[in-house]
Amino acid sequence: MGILTQQNIDDILRNNTKDPFAILGMHWEKEGISVRAFAPEARSIVIAEAGSGEAVCIMTRVRDEGIFEAAFSYRKEFFRYELITPLID
């Protein structure tokens with residue numbers, strides 16, 4: 001699943017987008033769902049089910065500047081989620 005393009009990443013890092021949530025957050029993809037986040041101070045990000053706090057996955061850091069993404073090819077519907085972000089010391 002191709003999620004983020006280099007242009008998407010550059011636009012977020014340079015604050016060069018009028019609608020950051022067109023890139024960040026949960027999105028439909030051709031083969032499932034993706035979640036994207038920008039969290040420069042986070043060491044990692046865990047996606048958890050909202051309410052229960054049950055971990056779903058650990059997001060992949062795609063850029064050192066704090067761009068993260070996760071793909072769910074097996075999910076066909078949006079779900080409520082929370083991002084758990086341990087911060088860098």
Side-chain angles (χ1 to χ4, degrees):
M1 237 167 42
I3 298 175
L4 285 172
T5 66
Q6 188 60 49
Q7 186 64 52
N8 292 147
I9 293 169
D10 291 343
D11 287 346
I12 292 297
L13 293 176
R14 293 183 181 128
N15 195 22
N16 189 29
T17 179
K18 293 180 182 176
D19 183 8
F21 295 106
I23 300 169
L24 301 172
M26 186 175 281
H27 295 273
W28 294 108
E29 300 294 340
K30 200 173 193 178
E31 299 177 13
I33 293 173
S34 66
V35 177
R36 307 167 194 144
F38 176 51
E41 300 298 320
R43 287 182 290 156
S44 62
I45 300 179
V46 173
I47 297 177
E49 293 276 355
S52 73
E54 182 179 336
V56 176
C57 79
I58 298 173
M59 297 182 80
T60 301
R61 180 187 282 269
V62 296
R63 284 283 292 269
D64 288 340
E65 294 93 332
I67 303 287
F68 293 83
E69 66 181 346
F72 302 95
S73 60
Y74 60 92
R75 291 221 184 222
K76 304 303 178 199
E77 295 183 19
F78 280 1
F79 60 96
R80 293 181 56 220
Y81 66 96
E82 301 171 347
L83 300 179
I84 302 169
T85 57
L87 301 180
I88 296 172
D89 296 330

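What's counted below: heavy atoms across the whole structure, side chains too, no hydrogens, waters or symmetry copies. Along the sequence shown, the residues carry numbers beginning at 1.
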Look up atom CD in Gln7 and atom CD1 in Ile12, then write down how far apart they are to the nearest 0.5 Å.
11.0 Å
Measuring from atom CG of Asn8 to atom CD1 of Ile23, what distance do you get when rounded to the nearest 0.5 angstrom?
4.5 Å
Which residue pairs pass the salt bridge (Lys or Arg N to Asp or Glu O under 4.0 Å) test with at least one member in residues 7-23, sequence neighbours excluded?
Asp10-Arg14, Asp10-Arg63
Just checking Glu54: does its CD atom have more than 12 heavy atoms from other residues, nucleotides or ligands closer to it than 6.0 angstrom?
no
Ala55 to Val46 - nearest heavy-atom pair and separation
CB-CG1, 3.8 Å
Looking at every non-hydrogen atom in both residues, tell me the closest pair between Ile33 and Glu77 and how far apart they are.
CD1-O, 3.0 Å
From CZ (Arg80) to CD (Glu49), nearest 0.5 Å:
9.5 Å
For Phe21, what residues pass the ring-ring contact (aromatic ring centres under 6.0 Å, His included) criterion, not counting sequence neighbours?
none
Counting only heavy atoms not in Asn16, do more than 12 sit closer than 6.0 Å to its CG atom?
yes
For residues Tyr81 and Val35, determine if any side-chain heavy atom of one lies less than 4.5 Å from a side-chain heavy atom of the other.
yes
Report yes if the side chains of Ile67 and Arg36 come closer than 4.5 Å at any heavy-atom pair, otherwise no.
no
Tell me, which pairs form a ring pair (Phe, Tyr, Trp, His ring centres under 6.0 Å) where one or both residues lie in residues 28-54, sequence neighbours left out?
Trp28-Phe78
Reported CD-to-CD1 distance for the pair Glu69 and Ile9, which is rounded to 0.5 angstrom:
7.0 Å
Heavy-atom closest pair, residues Glu29 and Ser34:
OE2-OG, 2.7 Å
Same cluster or not: are Ile58 and Leu4 linked, directly or through other Ile, Leu, Val, Met, Phe, Trp or Tyr residues, by side-chain heavy atoms under 4.5 angstrom apart?
no
Please give me the minimum heavy-atom distance between Phe68 and Arg61, naming the atom from each residue.
CZ-NH2, 3.3 Å
Across all chains, not counting sequence neighbours, the side-chain hydrogen bond (donor to acceptor under 3.5 Å, both in side chains) partners of Glu82 are none
Could you tell me which residues satisfy side-chain hydrogen bond (donor to acceptor under 3.5 Å, both in side chains) with Ser52, sequence neighbours excluded, listed by chain and number?
none
Heavy-atom closest contact (Ala48 atom, Gly53 atom, distance):
CB-O, 3.6 Å
Residue pair Leu83 / Ile47, side-chain heavy-atom distance below 4.5 Å:
yes
